[in-house]
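Before any comments, here is the structure.
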There are 2 protein chains.
Amino acid sequence: MKPTIRDVAKMAGVSISTVSRVMNSPESVVEAKRSRVLEAIEKLQYQPNAFARGLIYRKSFTLGLLIPDIENMYFAGIIRGMQDACVKLGYSLMICNTDRDKDRLLSYIDAFREKQVDGIVFASDILYPEYYEKLTACRIPFVLLSSHSDEFEVPSVEVDDEEAAYEAVKFLIELGHREIGMIGFNHVNSVSGPPRYEGFVRAMKEGGLTHNIERVAYAEHRFEQAYHASHELFSAHPDITAVFCVADEFAMGTISYLKDRNILVPGQVSVVGFDNLRMANMFIPKLTTVAQPIYELGYRAAEKLHELLTTGSVKVPKEMMKHKLIVRESSRQR
Amino acid sequence: MKPTIRDVAKMAGVSISTVSRVMNSPESVVEAKRSRVLEAIEKLQYQPNAFARGLIYRKSFTLGLLIPDIENMYFAGIIRGMQDACVKLGYSLMICNTDRDKDRLLSYIDAFREKQVDGIVFASDILYPEYYEKLTACRIPFVLLSSHSDEFEVPSVEVDDEEAAYEAVKFLIELGHREIGMIGFNHVNSVSGPPRYEGFVRAMKEGGLTHNIERVAYAEHRFEQAYHASHELFSAHPDITAVFCVADEFAMGTISYLKDRNILVPGQVSVVGFDNLRMANMFIPKLTTVAQPIYELGYRAAEKLHELLTTGSVKVPKEMMKHKLIVRESSRQR
DNA sequence: GTGAAAGCGCTAACAG
DNA sequence: CTGTTAGCGCTTTCAC
């Protein structure tokens, strides 16, 4: 049987209130008793019961994280960052992988509610009214990570997708490329798809290369789809010499496709990715990519949620974190 | 204010026990009242308070997962599998990433105890006496995943590392290779390091190739280290034509090194990995590798833990799951 | 400064 | 079948 506060009280020869006090406001207990209590706690390996506390405080000191695809390496970094912030702030972390399934997502929200998580980080997905309403009905505070909402007032942390994409494409143009394509996210169900395409368009317009604006093929999240999208793109526009991919995994799919077609990267075609996953540095060739501060994004999201939970609001509602172009081997001067 | 059982009772015009009954043994309540209660629950969006329940049942219906390195893609699959099993069995999942830090691990166990997780899956790490004792002292049931213990009686789920390594190496020998090296896990702090090396040795002895037994370089978990280990290995034994890597990430590091040295894979050197990560199929060249049933391993571990929790013991204490050699592009006939 | 007692939301005897 | 009641372990008034 786990020892309870009563066991400690008995061993220390005090009342349970005193034990409770040494745990919550030690200074209000005289030294002599306090040390006896501490000793008993130590000896019994006593640890307060989180259920009993939760019942009183109505807080679980645990945070929930909702992610669409745990096998996307992007989230490994997010999780690390968020968990580190959680230990710093005294929370536990409950992670749920929705596999992009709406019903699962909804049922995880129920689970979070039942477990009384104090707040939720909602990552990389569109905040549909349905989700918003459910979360609001459950009265669970939440923040958006790598996402944002124009429709609702929800705090968010992300990078500036439009600007980041713009810089990546501009880099390609400055390298001398004129025939440039893009592998993008399908715009439906994608938060970062549209702004990244906008960045692409802006760079093209600025460079007087508007004929490229339609050289886009779309994929959804995975390598294989990017492979096929590349096939589409290059079949329609064989003269392309550079492609901007909105995810490192897409860049890998594209390079793989090019390799199978015996097209050299970066010899004949330059490829730029997005995210700077750990893999970007392991791939052959190493990926030139727009780095997101992934770990920091996760860390910051937890901090922001904590701010929301403790102060009731948030200083910077829509926070943008710095991205950075990392030039490696998959791109080259034209 | 979240509605409580009392609110439901009032709205339905019954006592709180009746409400409790319709939730726990509906058949013991007459239809008329039951439907009124159900209606009230629906209308109020009532959900029982997990703290109150936990206090009574002494169960949290949440499981803990301890992993050493969330950025290792191996664990993405483990987590998916375990989480799917958890939703099937009615548990929530709490994941903690230790970053291979002993103190963190120990403090996560404390957190698990405080949160009263029902059981823990301890993944891919050696069960040091220190851990075993702490877990035992906390009276938290646990199972080992991709690990096992000779010292203590703890249920475990893993693949047969020795046999799997043996088959991989044997495959290389059958391909005609005679000068074979290995990139292994440092044996200290590694569970699967020694058996995989044993498998390597057994295949060599059987093939009369014992001169290869010492052609081994060690790395710890990461790509970069495997890259350096490869440098070591090939500097000492430039005649090697095949290398068995005990992890896909090592295989990628090795291939990367070879690429930098302008050595063709599989043209001049064949490389076999281990794990069959999702990445194995995305890398260039696609990796020949020993597939572990990663998702199933995670799934099974949760089931086994559940079995332990509900029945107090486990039918098959040390369970081995099937591995399988997948031949792709990184290996070739000598 | 410290103990007794009420009560957080729920379940499980125990009567009726 | 159903309502009343006694806790589960802890915090927090409220007296002393």
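Keep in mind that the numbers below use all heavy atoms, side chains included, and drop hydrogens, waters and symmetry copies. Throughout, a chain's letter reflects where its sequence line sits, starting with A, and its residues are numbered from 1.
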Under 3.5 Å side-chain donor-acceptor pair for A:Arg58 and A:Gln116: no
Atom-pair distance (CG on A:Leu55; P on D:dG7), nearest Å: 17 Å
No-hydrogen, no-angle side-chain donor-acceptor test under 3.5 Å, B:Ser92 and A:Lys115: yes
Phosphate contact (D:dT11 OP1 or OP2) by A:Asn24 side-chain N/O below 4.0 Å: yes
A:Arg58 vs C:dG9: side-chain N/O to OP1/OP2 distance below 4.0 Å: yes
d(CG, A:Asn49; P, D:dC8) in whole Å: 12 Å
Donor + acceptor pair across side chains of B:Gln292, B:Tyr74 (<3.5 Å): yes
Any B:Thr18 side-chain N or O less than 4.0 Å from OP1/OP2 of D:dG3: yes
Sugar-phosphate only, base, or nothing, as touched by B:Tyr57 at under 4.0 Å among non-hydrogen atoms: sugar-phosphate
Side-chain N,O (A:Lys2) to OP1/OP2 (D:dC10) below 4.0 Å: no
Sugar-phosphate, base or nothing in reach of B:Val29, heavy atoms under 4.0 Å: sugar-phosphate
Separation between OH of B:Tyr295 and CE of B:Met82, rounded to the nearest 0.5 Å: 12.5 Å
Side-chain-base donor-acceptor pair under 3.5 Å for A:Ser17 and D:dT11: no
A:Lys33 vs C:dT2: side-chain N/O to OP1/OP2 distance below 4.0 Å: yes
Check: A:Arg21 side chain, C:dG3 base, donor-acceptor under 3.5 Å: yes
Along DNA chain C (nearest heavy atom to each residue), the more 5'-positioned of A:Glu27 and A:Ile16: A:Glu27
No-H, no-angle donor-acceptor pair, A:Ser15 side chain to C:dA4 base, under 3.5 Å: no
B:Tyr46 side-chain N/O to C:dC10 phosphate OP1/OP2 under 4.0 Å: yes
B:Arg6 side-chain N/O to C:dG9 phosphate OP1/OP2 under 4.0 Å: no
Sugar-phosphate only, base, or nothing, as touched by A:Ser20 at under 4.0 Å among non-hydrogen atoms: base
Side-chain touch A:Val29/A:Val37, heavy atoms, less than 4.5 angstrom: no
